[in-house]
Amino acid sequence: MSETVLRRGALNELGGLMRGIGCMGKAALISDVNVAGLFMSRAKEALRCEGFEVFTHAVPAGESSKSLSRYGELLGFLAESGLTRSDTVVALGGGVVGDLAGFAAATYLRGIRLVQVPTSLLACVDSSVGGKTGVDLEQGKNLAGAFWQPALTLIDPDLLRSLPAEIYRDGLAEIVKYAAIRDRALFDLLPYDLGEEEEVIRRCVDIKRELVSRDERDRGERQLLNFGHSFGHAFEKLSGYSLSHGRAVAAGMCAMARASYALGLCSAEDASSLIGMVHVLGLPTETPYTAEEVYGCVLSDKKRQGERMTLITFHGIGDCRLTCCSMDELRQALRLGLPV
Ligand code: GLY
């Protein structure tokens with residue numbers, strides 16, 4: 001598996017760390033306009049002082065940049081900059097930049113080296129690790145993509161200090177997810193203070209790396225990372241994407257905790273601890289969408305397998321499981337977890 005460095009101030013070591021894993025020559029530093037204003041020149045300097053020839057490109061901030069047209073533009077930029085197979089794409093940004101630049105790295109010249117430098121909490125704990133890359137299609141999110149492991153993920157928690165509180169909060173939902181699926185001790189650290197942030201991120205990254213090392217292609221165990229996501233993706237879609245990913249996942253985990261309790265899979269105490277924590281962290285525990293509305297959306301989920309689908313059920317803090325269910329069972333779970 002690829003290397004992960006998690007250290008305060010690590011952005012200044014970007015060039016040295018890349019040389020340490022064998023990168024050299026050209027580096028295409030890809031960001032969005034917001035992040036570029038904050039960190040592009042530091043990242044560029046960290047690369048130049050280690051002898052890299054640096055080319056920079058910034059896309060507009062926001063999900064709309066995860067498009068086929070921006071992807072095409074980015075491939076054109078890599079070609080015009082003359083990157084070859086021995087060069088490197090560096091994704092400096094949140095999930096959008098990581099997914100877009102990662103997909104360009106996965107496909108340009110049939111694949112060149114990728115380094116992820118996440119600048120949002122969500123990207124630090126989730127999207128920059130594990131090699132999922134891609135763009136959205138008009139028909140839905142993340143419908144085109146590739147598994148392409150970064151050669152290095154460099155996580156510098158100091159970069160999170162300039163994040164707006166609302167964006168930071170979004171990443172907390174993914175942290176609750178890791179605690180819920182695998183790590184009761186992590187749950188007990190929540191809500192954490194700044195001194196514990198590095199430890200919290202490390203635990204999340206360790207869980208993700210362990211699951212990905214066993215199931216890179218998302219055929220089995222890795223799907224545990226989708227806890228709260230099937231319902232969450234439906235909430236995002238039903239809100240016309242005005243509900244952020246983290247908030248939608250938070251409400252999705254709570255709906256699944258309610259359904260799991262009603263099905264006798266977890267105790268009332270564990271379900272309310274999870275829902276209570278989501279609330280304490282300032283994330284939504286429910287949405288106005290009904291079971292039938294969500295069912296309609298889940299029918300078009302790319303993770304559906306014909307007439308069956310894998311749900312991630314909640315059995316207690318630190319214990320989620322893959323449960324294969326029929327569409328009728330899914331409908332029942334939705335009725336138990338959501339308003340009818
Ligand atoms: N974000 C879930 C995964 O990487 O599998």
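Source: prediction; values computed, not measured. Note that ligands are numbered from 1 as they come in the structure, with each ligand's atoms numbered from 1 the same way.
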Please report whether ligand 1 has a polar contact with Lys132, defined as an N or O pair separated by less than 3.5 Å (distance criterion only). yes
Tell me the protein heavy atom at minimum distance from atom 1 (N) of ligand 1, and give that distance in Å. Asp126 OD2, 3.0 Å
Side chains of Asp270 and Tyr261: donor-acceptor distance under 3.5 Å anywhere? no
Is there side-chain contact between Ser239 and Tyr289, with heavy atoms separated by less than 4.5 Å? yes
Is there a heavy atom of Lys208 sitting under 4.0 angstrom from any atom of ligand 1? yes
Between His229 and Glu174, is there a side-chain donor-acceptor contact under 3.5 Å, judged purely by atom types and distance? yes
I need the nearest protein heavy-atom contact for atom 5 (O) of ligand 1: residue, atom name and distance, please. Arg222 NE, 2.7 Å
Element-labelled atoms of ligand 1 that are located less than 4.0 Å from some non-hydrogen atom of Leu225: 2 (C), 3 (C), 5 (O)
Which label fits Phe55 and Phe77: parallel for a plane angle under 30°, tilted from 30 to 60°, or perpendicular past 60°? perpendicular
Given 3.5 Å as the limit, does a donor-acceptor pair link the side chain of Ser128 with the main chain of Ala123, or not? yes
